[in-house]
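Counting starts at 1 for both ligands and their atoms, in listed order.
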Amino acid sequence: MVRENCGVVGILAPPGGNAVPAAIDSLRALQHRGQEAWGIAVPGREPLRRLGLVSESSRDFKKIAAEYHSPAVIGHVRYSTMGGSSLENAQPLRVADLCVAHNGTISDAAELSNLVGGCTFTPQSSSDTLVAASRLVSLMSSGGGMGRALSLLRNEMAGSYCFTFISDDGSVYAARDPRGFRPMVLGRRAADGAHMVASESSALAAVGAELVRDVRPGELLRLSGSGVDSEMFAPGEKTAHCSFEFTYFAHPSSRMEGTNVYVARKQIGRLLAKKFPLDDADLVIPVPDSARPAALGYAQELGLSFDEGLLKDRYSKKGPLRSFIEPHQTDRVEINRWIIPIREIIEGRHVVVIDDSLVRGTSSRAIIKALRRAGARRISMLVTYPPIRHPCYAGIDFPSREELAAHAADGMDEAGATEVVRRHIGADFLGYNDAANLAAAVGMPADSMCFTCSNGDYGALGVAPALKSGGPGGGA
Ligand code: SF4
């Protein structure tokens with residue numbers, strides 16, 4: 001199945017304005033959410049879709065802005081781990097007079113495709129987004145508008161979804177799933193009165209727009225010349241905000257559910273220091289980049305030195321380096337090679353190295369080895385996310401259960417399981433954060449967040465997933 005965890009935007013500028021340059025800039029600010037492909041759609045045209053980073057098309061930006069000139073636009077950046085990085089899987093996608101961009105995973109796409117005439121869902125090659133959009137369009141054709149269609153579709157469709165839509169009549173819509181798995185925000189640019197939705201507020205800031213509020217779980221927004229209309233297509237469900245967004249996926253400058261991600265990560269580090277006060281350490285270092293604020297918070301809480309003992313070689317490859325979301329194993333191995341220890345900082349020291357997550361353990365093992373080669377006396381690894389033991393079916397494509405480092409220790413108590421992983425990665429000490437600590441740092445009740453990949457409770461998803469085994473997948 002093609003799985004999406006991506007970034008979406010939707011902009012409506014005043015009549016006569018051109019929202020395309022702002023869409024391109026906002027997609028660049030969401031590039032951390034997907035680096036395989038990007039695209040935009042305006043009313044009445046086939047979507048423009050390109051492979052690679054947005055910036056790789058920079059030579060064409062002027063031409064694209066002129067050719068697709070429109071006050072209404074939606075956009076998408078994509079990452080997936082199955083289905084290939086081909087242009088046909090890039091978004092937005094067109095279905096009849098509607099174009100759609102999707103962030104999330106439709107967990108029951110195969111079943112849903114049975115309800116869509118003429119739409120055959122083929123695992124490995126088809127898009128769950130196309131199935132969902134086709135069903136939505138068919139429900140809309142029976143009357144009642146998009147809100148009614150979504151309220152019907154939500155009973156048929158399980159999984160996570162933040163959609164932006166654009167119709168050929170120039171309307172821009174945004175919808176967030178009833179559990180609010182993936183983030184989505186509403187913004188406004190005072191300079192020209194443009195309204196905007198995006199996966200994260202980093203996309204708003206990139207184009208001079210202000211954050212108005214989070215899009216509510218179960219809410220449909222319609223951006224129009226007269227403002228923003230809101231309709232709840234699934235009111236009052238218990239939320240399941242993805243906790244992994246706060247430790248890894250989201251941009252540190254973004255504000256989600258009332259919390260700035262950088263501040264939350266720093267607080268995670270402070271609370272991790274209370275849980276594991278390794279105050280005999282000489283030095284705290286982050287695994288770049290997502291764990292940096294947590295490492296700083298940890299060091300500040302215990303009065304320890306903070307330093308950059310590991311650097312990413314940013315110059316041998318164009319574009320961002322994020323080992324988790326690179327789709328191919330070879331790419332991940334390459335990225336590990338680009339994390340370089342600084343011997344002069346490490347040698348002879350007890351180093352506390354803070355990482356955002358431990359998925360397969362491949363990166364952690366490579367990092368521990370590199371730190372040993374650089375002469376570290378003792379290496380303690382602390383992980384800001386709880387042990388990942390189960391696959392995600394709500395938009396983050398972890399590898400199969402068997403490939404998860406913590407899965408090997410299934411059935412053991414916490415101490416035993418941690419010991420198995422510690423030996424696997426070769427650290428002298430390993431400590432994981434827990435859900436209560438993470439939720440407290442973010443400032444949300446733990447039961448309003450999703451921790452399924454750690455606790456295996458798939459209740460919030462609304463469907464019992466067919467657990468993956470074998471095959472390729474993302475993972476650090
Ligand atoms: S299973 Fe994990 S990664 Fe997936 S939505 Fe839940 S918390 Fe996020």
*Apply salt bridge (charged side-chain N to carboxylate O under 4.0 Å, His left out) to Glu200 and Arg182, showing your working.*
CA-CA 10 Å; Glu200 292 184 37; Arg182 308 258 73 84; over 6 Å; no

Determine whether a donor-acceptor pair (N or O, by modelled atom type, separation under 3.5 Å) exists between the side chain of [X] and the backbone of [Y].
X: Arg179; Y: Thr239; value: no
X: Asn260; Y: Arg255; value: no
X: Ser127; Y: Thr129; value: yes

*Among Tyr432, Phe244, Tyr248, find the one that has a ring pair (Phe, Tyr, Trp, His ring centres under 6.0 Å) with Tyr385.*
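It is Phe244, the one option of Tyr432, Phe244, Tyr248 that forms the ring pair (Phe, Tyr, Trp, His ring centres under 6.0 Å) with Tyr385.
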
Numbering as shown, the atoms of ligand 1 that approach [X] to under 4.0 Å (heavy-atom distance):
X: Thr452; value: 1 (S)
X: Phe244; value: 3 (S), 8 (Fe)
X: Ser243; value: 7 (S)

Give me the residue, atom name and distance of the protein heavy atom closest to [atom].
atom: atom 1 (S) of ligand 1; answer: Cys453 N, 3.3 Å
atom: atom 3 (S) of ligand 1; answer: Ile396 CG1, 3.5 Å
atom: atom 7 (S) of ligand 1; answer: Cys450 O, 2.9 Å
atom: atom 4 (Fe) of ligand 1; answer: Cys392 SG, 2.3 Å

*Locate the shortest heavy-atom distance separating Leu139 from Glu156; write the atom from each residue and the value.*
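Closest approach of Leu139 to Glu156: CD1-OE1, 4.3 Å.
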
*According to the interplanar angle, ranging from 0 to 90°, do the rings of Tyr79 and Phe249 count as parallel (below 30°), tilted (30 to 60°) or perpendicular (above 60°)?*
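Tyr79 vs Phe249 ring planes: tilted.
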
*Assess Tyr385 for proximity to ligand 1: is some non-hydrogen atom of it under 4.0 Å away?*
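Tyr385: in contact with ligand 1 (<4.0 Å).
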
*Going by heavy-atom distance to atom 8 (Fe) of ligand 1, choose the closest among Ala394, Cys242, Ser454.*
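Comparing heavy atoms across Ala394, Cys242, Ser454, the nearest one to atom 8 (Fe) of ligand 1 lies in Cys242.
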
